[in-house]
Asks: 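One structure, pasted below without further comment.
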Amino acid sequence: MFDFTDRVVIVTGAAGNLGSAVARAFQAAGARLVLVDRAPDRLPKLFPELVGSEHHVLATSVDLTDEGAVQAVVDQTVARLGRIDVLVNARGRPRGGTPVHETPLATWEFLANLNVVRWSRSVAP
């Protein structure tokens, strides 16, 4: 396993199956975690050992489609932990049903905003 001691890692969708597994792997590797989820109660139940920790952040009730909410997580992380070293966006959302070549531009824009753009704007220097 890699050593992430004192690295600051944000994991979105941290209460989901993939996100929680990723978060546990980074936790085992020594990372300082910023776990993000939309639900207000799931993260404290899944990660009770991190509640109230000065080295970790449980960011609950975060709507990743809201640019202000994403920026608030970034700002809180930098203020509290000093930086961001890794972002794992495990909260992507598919919108299947149509073939790729028939997918409307609005759907592509929604997915890009949810999965990439908001975070890249928020953490850019």
Side-chain angles (χ1 to χ4, degrees):
M1 183 62 171
F2 294 101
D3 182 9
F4 281 87
T5 301
D6 293 326
R7 298 285 187 196
V8 177
V9 177
I10 295 177
V11 179
T12 68
N17 290 332
L18 176 61
S20 62
V22 167
R24 292 280 181 216
F26 276 110
Q27 183 180 24
R32 294 187 293 161
L33 300 173
V34 179
L35 304 182
V36 182
D37 198 73
R38 187 173 185 136
D41 59 339
R42 290 190 295 211
L43 289 174
K45 288 178 183 173
L46 284 171
F47 298 91
E49 70 280 11
L50 303 183
V51 174
S53 170
E54 64 185 60
H55 302 291
H56 306 282
V57 175
L58 298 182
T60 60
S61 302
V62 178
D63 179 357
L64 296 178
T65 65
D66 178 349
E67 191 169 348
V70 171
Q71 188 64 55
V73 170
V74 169
D75 293 345
Q76 178 186 16
T77 300
V78 172
R80 187 154 165 201
L81 302 177
R83 67 185 189 280
I84 300 167
D85 297 306
V86 177
L87 167 65
V88 178
N89 194 9
R91 177 51 191 119
R93 165 170 258 157
R95 275 202 173 171
T98 58
V100 171
H101 67 283
E102 294 176 8
T103 302
L105 179 59
T107 298
W108 286 109
E109 289 173 344
F110 169 80
L111 294 172
N113 279 325
L114 177 64
N115 298 327
V116 178
V117 175
R118 299 237 188 272
W119 286 103
S120 62
R121 284 186 194 148
S122 297
V123 299

Asks: Determine the minimum heavy-atom distance between Val73 and Ala59, stating which atoms define it.
Replies: CG2-CB, 4.2 Å

Asks: Atom CZ in Arg38, atom CG in Asp66: separation rounded to 0.5 Å?
Replies: 9.5 Å

Asks: Among all residues two or more places apart in sequence or in another chain, which pass the side chain to side chain contact (heavy atoms under 4.5 Å, CB included) test with Ser61?
Replies: Pro40

Asks: More than 12 foreign heavy atoms under 6.0 Å from CD of Glu54: is that the case here?
Replies: no

Asks: Identify all side-chain donor-acceptor contacts of residues 14-22 below 3.5 Å with residues at least two apart in sequence or on another chain.
Replies:
| unit_1 | atom_1 | unit_2 | atom_2 | d |
| --- | --- | --- | --- | --- |
| Ser20 | OG | Gly16 | O | 2.7 |
| Ser20 | OG | Asn17 | O | 3.3 |

Asks: Looking only at heavy atoms, which two atoms of Arg42 and Ala39 are closest? And how far apart?
Replies: NE-CB, 3.3 Å

Asks: Residues in side chain to side chain contact (heavy atoms under 4.5 Å, CB included) with Val51, at least two apart?
Replies: Pro44, Leu58

Asks: Which of these, Val36, Val34, Leu87, Val9, sits in a side-chain contact (heavy atoms from CB on, under 4.5 Å) with Thr77?
Replies: Val34

Asks: Can you list every pair that meets salt bridge (Lys or Arg N to Asp or Glu O under 4.0 Å) and has a residue in residues 5-27, with sequence neighbours left out?
Replies: Arg24-Glu49

Asks: Does any N or O in the side chain of Arg32 come within less than 3.5 Å of the main-chain N or O of Phe4, such that one atom is a donor and the other an acceptor?
Replies: no

Asks: Out of Val57, Val62, Leu50, which residue meets the side-chain contact (heavy atoms from CB on, under 4.5 Å) rule with Leu35?
Replies: Leu50

